[in-house]
**Student:** 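Dumping the structure here so I can ask a few things about it.
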Amino acid sequence: MKTLYIVRHGETDWNKMGKYQGITDVPLNENGLNQAKACGQALKDVKFDRILSSDLSRALVTAEVIRGERTTPITVDKRLRELNFGDWEAMLFSDIEDRWPGLIDEMYLRPHLVKVPNGESFKNLQDRAWAGLEEFINVNNEEETLLIACHGGTIRTLLCKLLDISISHCWNFSQGNTAINRIFYNGMGEFDHNILNLLNDTAHVDVLQGHA
């Protein structure tokens, strides 16, 4: 069995502003960096055998901060990037609604049917992200603890794949900034099953913000 810790990146200015930031490389803001540090503190006693990260800086820096003083190698894979939002990149919800009335609501209601204009569908995202994660997992057959740092949409589609759930339910999973998800991975064979042991744990962020 492998234990997967799948973590969303910290906050960016575009997150704060509500802009769509799929494949655009937007860095962590100060709060996002503090969130990553708090997440690292929450995971300080976990021994990670290997680390996988999206190549976008908001995810990679989050992975590096969580790693801290460990010497664990980080594998960078652009297949773990966020959904390519195409024409929606850098736009606000209200601007998208004005230009494509009803389409953004359709994306949230029926993500398995919608492809973003000049961008990707969630199936496109799931296929490439799973190809990257599966390759990383299958480097060996040993029991390992792995850290995966990537993006909210990416994580949602990966959770659907790992749990054999239709991608139409991907928005059923909340994913806050630096949310920690833990999965006990047994394989993807007919008689294997993977266990979601922890979902969207943001207690470290609540403490940071004084909400605990």
**Student:** Please report the interatomic distance SG(C160) to CZ(F122), rounded to the nearest 0.5 Å.
**Tutor:**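 It comes to 10.0 Å.
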**Student:** Do N140 and K2 get their side chains close enough for a donor-acceptor pair, meaning under 3.5 Å?
**Tutor:**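 Judged by distance alone, the side chains do pair up.
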**Student:** Are the side chains of E89 and I23 in contact, using a 4.5 Å heavy-atom criterion?
**Tutor:**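 Side chain of I23 against side chain of E89, heavy atoms only: contact under 4.5 Å found.
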**Student:** How far does OG of S53 sit from CZ of R67, to the nearest 0.5 angstrom?
**Tutor:**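 Here the rounded value is 10.5 Å.
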**Student:** Taking the side chain from T12 and the backbone from L28, do they hold a donor-acceptor pair closer than 3.5 Å?
**Tutor:**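 Not at all, since once roles are kept as given, no pair shorter than 3.5 Å links the two residues.
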**Student:** With a 3.5 Å cut-off and no angle check, do the side chains of D87 and N118 form a donor-acceptor pair?
**Tutor:**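 There is such a pair between these side chains.
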**Student:** What's the shortest heavy-atom distance between I6 and C150, and which atoms?
**Tutor:**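 Heavy-atom minimum between the residues: CG2-SG, 4.4 Å.
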**Student:** Would you kindly confirm whether I96 and F85 end up in one hydrophobic cluster when ILVMFWY residues are joined by side chain heavy atoms under 4.5 Å apart?
**Tutor:**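 Same cluster.
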**Student:** Would you call the rings of F93 and Y108 parallel, tilted or perpendicular, taking 30° and 60° as the class edges?
**Tutor:**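 Correct class here is parallel.
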**Student:** Judged by atom type as modelled, is there a donor-acceptor pair below 3.5 Å linking the side chain of S166 to the main-chain atoms of H169?
**Tutor:**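 No, the answer is negative, given that no donor and acceptor are paired below the 3.5 Å cut-off.
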**Student:** For a quick test of reading the model, state the closest non-hydrogen atom pair linking A179 to Q175 and the distance between them.
**Tutor:**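 A179 and Q175 have their closest heavy atoms at CB-OE1, 4.0 Å.
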**Student:** Measure the CD1-CG distance between I148 and L52 for me, rounded to the nearest 0.5 Å.
**Tutor:**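 Atom-to-atom, I148:CD1 and L52:CG are 6.0 Å apart.
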**Student:** If you take all heavy atoms of P27 and S57, which pair is closest and at what distance?
**Tutor:**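 The pair with the smallest heavy-atom distance is CA-OG, 3.8 Å.
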**Student:** Do I74 and F136 land in one hydrophobic cluster if side-chain heavy atoms of ILVMFWY residues count as linked below 4.5 Å?
**Tutor:**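 No, because I74 and F136 fall into different hydrophobic clusters, even though each may have its own neighbours under 4.5 Å.
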**Student:** Is the shortest heavy-atom distance from the side chain of H204 to the side chain of I180 under 4.5 Å?
**Tutor:**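 In contact.
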**Student:** Do L198 and L146 sit in one hydrophobic cluster, given that two such residues count as connected whenever their side-chain heavy atoms are within less than 4.5 Å of each other, even indirectly?
**Tutor:**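 They do not share one cluster, since no chain of ILVMFWY contacts under 4.5 Å joins L198 to L146.
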**Student:** Knowing that exactly one of L147, V139, T145 qualifies, which makes a side-chain contact (heavy atoms from CB on, under 4.5 Å) with R50?
**Tutor:**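 The passing option is V139.
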**Student:** Given 3.5 Å as the limit, does a donor-acceptor pair link the side chain of K37 with the main chain of Q41, or not?
**Tutor:**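 Between the backbone of Q41 and the side chain of K37 there is no qualifying donor-acceptor contact (under 3.5 Å).
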**Student:** Salt bridge check: are D95 and R99 linked by an N-O gap of less than 4.0 Å?
**Tutor:**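 Judged by the 4.0 Å cut-off on N to carboxylate O distance, D95 and R99 do not form a salt bridge.
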**Student:** Quick check for you: to the nearest 0.5 Å, what is the distance between F173 atom CZ and N181 atom CG?
**Tutor:**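 Taking CZ in F173 and CG in N181, the distance rounds to 9.0 Å.
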**Student:** Measure across A129 and L80 and return the closest heavy-atom pair with its distance rounded to 0.1 Å.
**Tutor:**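 Scanning both residues completely, I find the closest heavy atoms to be O-CD1, 3.9 Å.
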**Student:** Taking I183 as the starting point, is it possible to reach Y5 by hopping between hydrophobic residues whose side chains are less than 4.5 Å apart?
**Tutor:**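 No, Y5 does not connect to I183 through the hydrophobic network.
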**Student:** Counting C-beta onward and ignoring hydrogens, is there a side-chain heavy-atom pair between M107 and V116 closer than 4.5 Å?
**Tutor:**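 In short, these two side chains touch, coming nearer than 4.5 Å.
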**Student:** Is atom NZ of K16 surrounded by more than 12 heavy atoms (other residues, nucleotides or ligands) closer than 6.0 Å?
**Tutor:**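 No, NZ of K16 has 12 or fewer neighbouring heavy atoms, counting only those of other groups under 6.0 Å.
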**Student:** Between N194, T157, L196, which is the residue that forms a side-chain contact (heavy atoms from CB on, under 4.5 Å) with L162?
**Tutor:**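 When N194, T157, L196 are each tested with L162, the side-chain contact (heavy atoms from CB on, under 4.5 Å) holds only for N194.
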**Student:** Do the side chains of I66 and V7 get nearer than 4.5 Å, heavy atoms only?
**Tutor:**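 Yes, side chains in contact.
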**Student:** I would like to know whether E30 and N34 meet side chain to side chain donor-acceptor pair (under 3.5 Å); could you show each step before the answer?
**Tutor:** CA-CA 6 Å; E30 183 178 357; N34 288 333; 4.6 Å; no
**Student:** Measuring only between side-chain heavy atoms, which start at C-beta, is L159 closer than 4.5 Å to L199?
**Tutor:**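 L159 reaches L199 side chain to side chain.
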**Student:** Side chains of Y20 and W14, heavy atoms from C-beta outward: is any pair under 4.5 Å?
**Tutor:**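 SC-SC contact between Y20 and W14 ruled out.
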**Student:** Just wondering, do M1 and Y185 contact through their side chains at under 4.5 Å, heavy atoms?
**Tutor:**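 Side chain of Y185 against side chain of M1, heavy atoms only: no contact under 4.5 Å found.
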**Student:** Starting at SG of C170, measure out to CZ of R156 and round the result to the nearest 0.5 Å.
**Tutor:**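 Between atom SG of C170 and atom CZ of R156 there are 7.5 Å.
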**Student:** Between Q21 (side chain) and V26 (backbone), is there a donor-acceptor pair under 3.5 Å?
**Tutor:**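 Judged by distance alone, no pair lies under 3.5 Å.
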**Student:** For D164, I'd like to know if atom CG has over 12 heavy atoms of other residues, nucleotides or ligands within 6.0 Å.
**Tutor:**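 Result for CG/D164: open.
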**Student:** Let me check something: do L43 and L60 share a hydrophobic cluster, defined by ILVMFWY side-chain heavy atoms less than 4.5 Å apart, either directly or through other members?
**Tutor:**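 Shared cluster, yes.
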**Student:** Quick check: closest heavy atoms across D49 and P73, and the distance to 0.1 Å?
**Tutor:**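 Looking at all heavy atoms of both residues, the closest pair is O-CD, 4.1 Å.
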**Student:** Do you see a donor-acceptor pair shorter than 3.5 Å between the side chains of N29 and E11?
**Tutor:**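 Result is yes, a qualifying pair exists.
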**Student:** Applying the side chain to side chain donor-acceptor pair (under 3.5 Å) criterion to S54, which one of H9, R81, H151 satisfies it?
**Tutor:**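 Going through H9, R81, H151 one by one, the side chain to side chain donor-acceptor pair (under 3.5 Å) with S54 is satisfied by H151 alone.
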**Student:** Has the side chain of T62 got a donor or acceptor atom that lies under 3.5 Å from a matching backbone atom of R58?
**Tutor:**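 It does hold such a pair.
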**Student:** Looking at side-chain heavy atoms only, is the closest gap between P117 and L103 below 4.5 Å?
**Tutor:**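 Yes; the side chains approach each other to less than 4.5 Å.
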**Student:** Could you grab the distance from atom CD1 of I195 to atom CG of L4, nearest 0.5 Å is fine?
**Tutor:**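 Taking CD1 in I195 and CG in L4, the distance rounds to 12.0 Å.
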**Student:** Is E120 salt-bridged to R128, cutoff N-O under 4.0 Å?
**Tutor:**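 Answer for the salt bridge query: yes.
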